[in-house]
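Worksheet for the structure shown next.
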Number of protein chains: 2
Amino acid sequence: MSSLPLDQVIQGDCVEVLNRLPPESIDLIFADPPYNLQLRNELRRPDHSRVAGVTDPWDRFADFEAYDQFTLAWLSACRRVLKASGTLWVIGSYHNIYRVGYHLQNLGFWILNDIVWIKTNPMPNFRGVRFTNAHETLIWAQKERGKPYTFNHHAMKALNGDLQMRSDWHLPICSGSERLRENGAKAHSTQKPRALLYRVLLAASNPGDVVLDPFFGSGTTGEVARWLGRHWIGIERDPRYMELARRRLANTSAAPPATLTQTNPRREPRLPFGALLEHGLLQAGQTLYFEGRTEHTALVLADGRVEYNGMRGSIHLIARQIAAAAVNGWQQWHYFDPHDETLRPIDHLRQKLKSILFKPREEEE
Amino acid sequence: MSSLPLDQVIQGDCVEVLNRLPPESIDLIFADPPYNLQLRNELRRPDHSRVAGVTDPWDRFADFEAYDQFTLAWLSACRRVLKASGTLWVIGSYHNIYRVGYHLQNLGFWILNDIVWIKTNPMPNFRGVRFTNAHETLIWAQKERGKPYTFNHHAMKALNGDLQMRSDWHLPICSGSERLRENGAKAHSTQKPRALLYRVLLAASNPGDVVLDPFFGSGTTGEVARWLGRHWIGIERDPRYMELARRRLANTSAAPPATLTQTNPRREPRLPFGALLEHGLLQAGQTLYFEGRTEHTALVLADGRVEYNGMRGSIHLIARQIAAAAVNGWQQWHYFDPHDETLRPIDHLRQKLKSILFKPREEEE
DNA sequence: ATGCTACATGAATCACCCC
DNA sequence: GGGGGTGATTCATGTAGCA
């Protein structure tokens with residue numbers, strides 16, 4: 001295999017498949033390896049219902065040494081196919097992330113950041129014997145210290161309301177309609193949310209780049225790569241997951257490439273418009289209507305800005321240009337709600353997202 | 001040194017000092033080791049002012065291997081002095097925490113949680129080449145898997161507005177009047193905020209426990225330990241920091257013991273159902289009502305068992321038989337209160353007896 | 001359609017005493 | 001030390017069912 005099998009799911013052990021790929025050919029790797037959870041007994045909620053733990057056979061290792069060998073093998077194989085300018089993301093929990101980070105540093109990867117995914121709705125600790133485990137950790141590392149790498153600072157800043165994107169990402173877990181199901185049961189026990197991958201790919205790759213995921217699973221990485229105009233390669237050992245991902249990707253539409261070009265920073269409000277994109281309430285390429293009228297339309301860009309009449313900027317900036325007055329973009333811009341075929345202010349979506357992210361708590365004494 | 005040097009700062013290398021302490025004598029260790037930051041060049045803000053990085057000699061290591069040796073040495077020494085029921089906290093950043101976590105697991109420590117300290121006011125990434133590094137990581141580990149350990153669940157829940165404390169802690173960095181200064185300059189480059197230690201010590205120790213900090217620095221651990229009625233031992237290599245901490249601790253006042261009462265029911269003595277009979281709150285021959293309904297009644301026997309439908313057993317056993325599920329007999333069974341002619345759970349009587357037998361006590365030991 | 005309640009569930013290393 | 005009994009323990013969110 002000398003050329004890259006782009007935009008495909010490849011069935012097989014990731015080390016073997018990686019070793020057949022040409023060296024230094026991948027721009028970005030996102031890896032979601034087994035966490036080695038080591039669950040022993042069943043766990044019940046206070047109402048005595050049983051918690052469905054992750055006890056899949058792919059997460060069973062004899063001991064730490066076996067897990068270390070596994071980790072070194074796939075990290076080394078990834079390192080070979082990564083371009084000198086490429087970066088690697090790995091997600092994990094306290095069960096495995098210290099082993100991953102240790103070996104990754106030993107192999108010569110240079111950590112650029114670690115990111116904590118703060119879950120807005122984690123599962124509680126039912127027995128009250130530890131802290132609620134409310135986060136997972138991502139390590140972002142380049143192949144070699146000092147090499148150039150891709151970090152789309154302005155896109156991240158735009159996505160974060162004109163403030164620098166920080167290392168703590170507050171996002172909900174994957175649930176509801178986003179969660180893939182088969183006969184009512186979850187199709188994959190550890191499906192990652194699209195918003196997480198959206199931020200990773202937008203930050204650390206460019207349109208046309210090749211993004212590889214050695215533990216493809218349900219294929220979230222591929223779906224978001226398509227949204228963002230990145231090529232993707234998914235490696236998955238389990239034929240059932242491979243089929244699942246193939247079906248998913250066959251139904252994923254790509255965003256128009258015009259929305260994906262490089263950008264400059266803009267002013268944004270506190271809850272940024274980009275959050276609507278991260279959470280899938282809007283998609284890049286959708287049309288916005290100024291004051292709900294069809295003669296002024298704008299195009300939603302992937303980093304949370306909009307394009308109108310050759311101009312690019314935040315919803316507020318563009319709205320000011322059109323109205324020639326200080327206006328609030330959240331009220332001016334409308335989106336088409338296909339559910340009831342009406343135009344609504346995007347502020348409607350913001351309220352919806354607010355209720356998702358910051359559900360107001362009762363007043364306390 | 002056979003007895004513990006309580007409530008003192010000891011000057012010396014922590015491994016040497018730890019090796020002179022008796023084994024299995026410490027309840028809690030909080031360690032804030034050098035982070036091995038490996039800063040190469042000076043960093044300037046956009047206005048060209050110089051950023052005061054951590055370039056102290058105590059944070060310089062030749063390479064990862066040297067740092068690993070250092071880490072293994074102090075972790076091993078800590079492990080020896082820790083009680084079987086003791087736990088260890090280590091704080092670090094992505095520079096060192098993966099090495100710490102790896103070695104700690106290899107030594108047999110069992111991770112209970114990792115905690116992310118989210119800084120509400122971190123230093124921005126001035127050059128815009130990475131994400132703002134807005135967090136540090138703490139690992140909380142017990143000496144050995146499966147041993148009992150201290151976690152004050154109710155204290156944590158109360159501290160968090162009656163919701164379980166999560167693994168993400170949003171706290172500001174140490175600044176303002178809390179920050180120790182000498183001639184206007186920071187007295188210690190990595191002084192930790194008291195709020196962080198407050199949560200650690202309140203969660204994982206009890207009044208009277210011995211808390212040890214092998215990298216005492218400015219002495220935040222000691223100050224909070226005094227606040228919370230814990231004994232403390234601080235080890236610090238640098239004589240200047242040792243003096244700084246001694247001055248600080250001399251001016252720290254301890255909390256009134258009455259404010260430190262235990263709220264964890266696990267530490268309260270157990271009251272069997274028969275105690276209600278012994279103390280006359282119930283009498284043999286009385287009727288109990290399952291879930292307050294009159295169709296399931298049981299007879300109280302003199303030995304603290306109940307008889308229901310020919311079966312005899314504990315309140316829990318019989319309740320489980322009726323409910324065909326794991327239930328708590330204290331909640332299921334009701335008694336008739338002649339005072340106001342209502343049915344109440346027998347747990348009401350238990351609470352009453354508890355308040356009679358165990359008047360809220362002062363600090364123990 | 002709207003609103004309310006009940007129910008389900010999420011990468012989980014989830015008890016402890018006493019015989 | 002092993003086994004059985006006692007009894008302590010949950011938050012956010014989405015969906016289904018029903019009025």
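Below, read A as the first sequence line, B as the second, and so on, with proteins coming before strands; counting in each chain starts at 1.
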Compare side-chain N and O positions of [X] against OP1 and OP2 of [N] and report whether any pair is under 4.0 Å apart.
X	N	answer
A:Thr120	D:dA12	no
A:Arg179	D:dT15	no
A:His48	D:dT9	no
B:Arg270	C:dC17	no
A:Arg44	C:dA15	no
B:His154	D:dA8	no

Of the listed nucleotides ([options]), which one gets closest to any side-chain atom of [X]?
X	options	answer
A:Leu43	D:dG14, C:dA11, C:dC14	C:dC14
A:Val129	C:dC14, D:dT9, D:dC11	C:dC14
A:Ile173	C:dC14, D:dG14, C:dG10	C:dG10
A:Pro124	C:dC14, D:dT10, C:dT13	D:dT10
A:Leu39	D:dT10, D:dA8, C:dT13	C:dT13

Expressed as a whole number of angstroms, how long is the span from [X]:[atom1] to [N]:[atom2]?
X	N	atom1	atom2	answer
B:Trp110	C:dA15	CH2	P	13 Å
A:Leu37	C:dA12	CG	C1'	6 Å
A:Asn125	C:dA11	CG	P	15 Å
B:Met156	D:dT9	CE	P	15 Å
B:Leu163	D:dT9	CG	P	15 Å
B:Lys147	C:dT13	NZ	C1'	16 Å
B:Met165	D:dC11	CE	P	12 Å

What is the nucleic acid contact for [X], judged by heavy atoms within less than 4.0 Å: base, sugar-phosphate only, or nothing?
X	result
A:Ser93	nothing
A:Arg181	nothing
A:Asn133	sugar-phosphate
B:Pro148	nothing
A:Pro193	nothing
A:Trp58	base

- prompt: When you check the glycosidic angle of D:dT10, does it come out syn, meaning within 90° of 0, or anti?
  reply: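 D:dT10: anti glycosidic orientation.
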
task: Using a 4.5 Å cut-off on heavy atoms from C-beta on, say whether the side chain of B:Trp117 contacts that of B:Ile91.
output: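 SC-SC contact between B:Ile91 and B:Trp117 confirmed.
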
Side-chain-base donor-acceptor pair under 3.5 Å for A:Lys119 and C:dA11: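 Per atom types, no contact qualifies.
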
- prompt: Would you say B:Arg293 has more than 12 foreign heavy atoms packed within less than 6.0 Å of its CZ?
  reply: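 Counting other residues, nucleotides and ligands, CZ of B:Arg293 exceeds 12 neighbours.
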
